[in-house]
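Below: the structure, in structure tokens.
It should be emphasised that the depicted structure is a prediction, and the values quoted were computed from it without experimental measurement. Side chains are part of it too, since the values below use all heavy atoms of this structure and drop only hydrogens, waters and symmetry mates.
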Amino acid sequence: MANVAVVGTQWGDEGKGRFVDFLATGADVVVRYQGGNNAGHTVEIGSEQYKLHLVPSGIFNPRTLSILAHGTVIDPVSLAAEMDELAGRGLDMSGLRVSLRAQVVLPHHRALDALGEAARGDADIGTTRRGIGPAYMDKAERSGIRICDLIDDTVFESKLRRVMDEKNRIITRVYDGEPLAVEPILDEYRACAQRIRPYVTDTIWLLHERIEAGDNVLFEGAQGTLLDLDVGTYPYVTSSHPIAGGVCVGAGVGPAAIHSVAGVVKAYTTRVGKGPFVTELLDETGQWIREKGHEYGATTGRPRRCGWLDAVILRFAARVNGLTHLAVSRMDTLGGIDRVKICTGYRRGGVVTDRFPARWEELGQYEPVYEELPGWTDQISDVTRYDELPEAARLYLERIEELTGVPVAMIGVGARRDQAVVRCDLYR
Ligand code: IMO
Ligand code: MG
């Protein structure tokens with residue numbers, strides 16, 4: 001038995017969904033430990049494509065438990081809709097479990113997310129407007145409503161009335177917005193509570209029972225290292241902890257319960273939302289990558305900003321997550337270019353550093369120092385063994401290993417579950 005964490009090393013959208021889904025085939029339990037429906041995990045199985053926002057990627061295996069742990073923030077309307085959609089496509093929902101302790105995302109969180117962004121004007125963060133930041137604010141302020149409250153009609157009503165009273169004052173007096181009516185929220189949320197109630201449990205005890213029974217547990221990260229509230233490009237971050245340390249807080253396990261940490265790396269870099277991006281390509285190569293990789297947000301449909309791979313970021317991610325392995329996605333997408341580049345350092349005023357800076361303003365002042373490597377063909381989607389990959393693709397992967405000091409365990413050569421080269425079993 002082994003417990004594996006899969007985390008994003010960049011700004012999200014690294015292809016975590018495809019590797020988590022692949023690894024989930026060997027897992028007994030899959031746990032989402034942070035974030036909410038700001039995530040968009042695309043999974044392709046056979047000819048079917050699924051976009052998951054809240055439901056863990058273990059849901060495709062009927063024998064796997066899929067846990068939404070207490071570190072997540074759950075919009076019950078979104079969760080119920082996602083469950084209905086997946087069930088409608090024939091998936092079995094009986095393995096889903098939702099933590100009693102998870103925070104509930106409410107309509108005023110979504111409203112305040114949008115109002116806050118509008119008020120920031122040019123300095124907006126570019127959030128998904130799913131209410132994620134305001135929900136985590138209420139949790140930290142200790143006024144949040146949890147799933148255990150939601151599933152108790154009386155408790156929910158009294159807490160909601162109290163909270164809405166205050167939030168409506170903020171919406172109207174601070175932001176000049178329209179107040180939200182409580183009754184429709186009560187109705188809608190009660191209906192969703194009804195749908196979710198059978199799956200709600202104390203997931204801490206459940207998880208520990210399964211760990212003690214020797215199960216393989218997979219911790220599924222959403223977002224990525226640079227979107228982490230503490231180590232990311234603050235304030236252009238999300239409000240949770242996608243890094244490996246977030247697993248302990250968000251799922252309720254100690255650090256020694258995590259046996260390996262796989263960092264998912266997209267073969268190039270993308271970012272949605274605002275904030276500096278040193279290797280961003282504003283030319284036709286960036287456009288080419290966006291079109292070829294269909295780099296449009298799975299959650300908001302926004303075009304993703306695209307650029308070369310940045311090893312400064314990867315080295316930073318290797319450290320703050322304690323990465324034991326890398327999983328590189330989209331090697332097929334990057335294929336077909338003559339020469340590819342990797343950023344190995346940042347230059348400012350003639351000085352080169354390989355340290356990722358604390359301040360986003362500083363990040364914005366850096367020029368990338370590139371290393372050029374030969375490109376490879378994009379006809380690699382049928383490759384199943386490492387030595388079948390074109391030499392240039394292997395060189396690229398080996399250079400990533402050298403620059404990060406972390407071995408590449410898995411390589412994505414296509415979107416489907418089976419289109420991956422697997423070099424080691426992470427559960428061993
Ligand atoms: P997955 O799990 C990419 C970004 C938003 C914005 C910032 C804050 O699919 O990789 P938020 O709504 O979280 O308050 O927005 O974080 N963001 C993501 N970017 N992938 C994601 O998830 C993201 N979730 C949030 O675009 O810049
Ligand atoms: Mg996404």
Side-chain angles (χ1 to χ4, degrees), residues 17 20-21 24 27-41 43 50-106 130-132 135 139 144-157 159-160 185-211 213 215-222 240 247 250-253:
V20 169
D21 165 61
D28 306 292
V29 185
V30 177
V31 187
R32 266 282 305 268
Y33 57 91
Q34 46 71 233
N37 62 342
N38 48 348
H41 296 174
V43 173
Y50 303 88
K51 286 196 194 329
L52 301 177
H53 299 289
L54 274 166
V55 173
S57 305
I59 206 70
F60 303 107
N61 298 322
R63 60 171 201 93
T64 306
L65 270 187
S66 291
I67 297 181
L68 275 169
H70 55 260
T72 59
V73 289
I74 299 175
D75 183 330
V77 180
S78 167
L79 178 60
E82 193 171 326
M83 288 166 67
D84 287 344
E85 197 217 315
L86 295 171
R89 293 175 70 179
L91 291 175
D92 178 2
M93 290 292 117
S94 63
L96 184 67
R97 298 290 182 278
V98 179
S99 170
L100 279 164
R101 296 180 177 85
Q103 298 281 323
V104 176
V105 178
L106 289 149
R130 298 294 187 274
I132 307 299
K139 166 168 155 171
I145 292 181
R146 302 193 297 171
I147 294 288
C148 54
D149 306 320
L150 176 73
I151 60 171
D152 182 319
D153 267 0
T154 328
V155 172
F156 180 62
E157 176 164 358
K159 291 201 175 181
L160 184 74
I185 302 176
L186 273 176
D187 290 346
E188 184 176 36
Y189 275 64
R190 275 186 183 137
C192 295
Q194 191 80 346
R195 176 82 172 96
I196 294 166
R197 190 176 284 114
Y199 304 92
V200 174
T201 186
D202 189 330
T203 58
I204 292 183
W205 293 109
L206 174 64
L207 180 58
H208 281 278
E209 265 166 36
R210 302 299 296 256
I211 289 175
D215 277 1
N216 287 335
V217 180
L218 178 59
F219 297 101
E220 174 179 10
S240 69
V247 170
V253 296

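Residues D202 and R101 meet the side-chain proximity criterion, which asks for heavy atoms closer than 4.5 Å. V20 places none of its side-chain heavy atoms less than 4.5 Å from the side chain of H41. Between L52 and F60 the shortest side-chain heavy-atom distance falls below 4.5 Å. H53 is not listed as a side-chain neighbour of R130, based on a closest heavy-atom distance of 4.5 Å or more.
Legend: residues meeting side chain to side chain donor-acceptor pair (under 3.5 Å) with S94, ordered by chain and number and at least two apart, are D92.
Looking at every heavy atom in both residues, A39 comes nearest to A222 through CB-CB, 3.7 Å. Looking at every heavy atom in both residues, A251 comes nearest to A69 through CA-CB, 3.9 Å. Nearest heavy-atom pair across N61 and A24 is ND2-O, 2.9 Å. Contact record, G35 with S240: N-OG, 3.6 Å, taken as the closest heavy-atom pair. The two residues Q103 and G144 come nearest to each other via the heavy atoms OE1-CA, 3.3 Å. Residues A80 and R195 come closest through the heavy atom pair CB-CG, 4.0 Å.
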*side chain to side chain contact (heavy atoms under 4.5 Å, CB included) between Y189 and V104: does it pass, once the steps are laid out?*
CA-CA 10 Å; Y189 275 64; V104 176; 3.9 Å; yes
_Under the criterion side chain to side chain contact (heavy atoms under 4.5 Å, CB included), I'd like the reasoning laid out for L91 against M93: C-alpha separation, chi angles, the key distance, then a yes or no._
CA-CA 6 Å; L91 291 175; M93 290 292 117; 4.0 Å; yes
_Would I151 and L100 count as a side chain to side chain contact (heavy atoms under 4.5 Å, CB included) here? Give the steps._
CA-CA 9 Å; I151 60 171; L100 279 164; 4.0 Å; yes
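Once rounded to the nearest 0.5 Å, the distance linking CD of E157 with CG of L160 reads 8.0 Å. One finds the OG atom of S99 at 7.0 Å from the CD1 atom of I74 (value rounded to the nearest 0.5 Å). The OG1 atom of T203 lies 10.5 Å from the CZ atom of R97; values are rounded to the nearest 0.5 Å. Atoms CG and NZ, on L150 and K159 in that order, are 11.5 Å from each other to the nearest 0.5 Å. Remark: L68 CG to Y199 OH distance equals 12.5 Å, nearest 0.5 Å. L79 CG to I196 CD1: the interatomic distance, rounded to the nearest 0.5 Å, is 4.5 Å.
For residues 68-79, the pairs satisfying side chain to side chain donor-acceptor pair (under 3.5 Å) are N37-S78, D75-R110, with sequence neighbours left out.
Only one option out of D215, N216, I67 pairs with R210 in a side chain to side chain contact (heavy atoms under 4.5 Å, CB included); it is D215.
The aromatic rings of Y33 and F219 sit perpendicular, their planes meeting at an angle over 60°, well past the 30° parallel limit.
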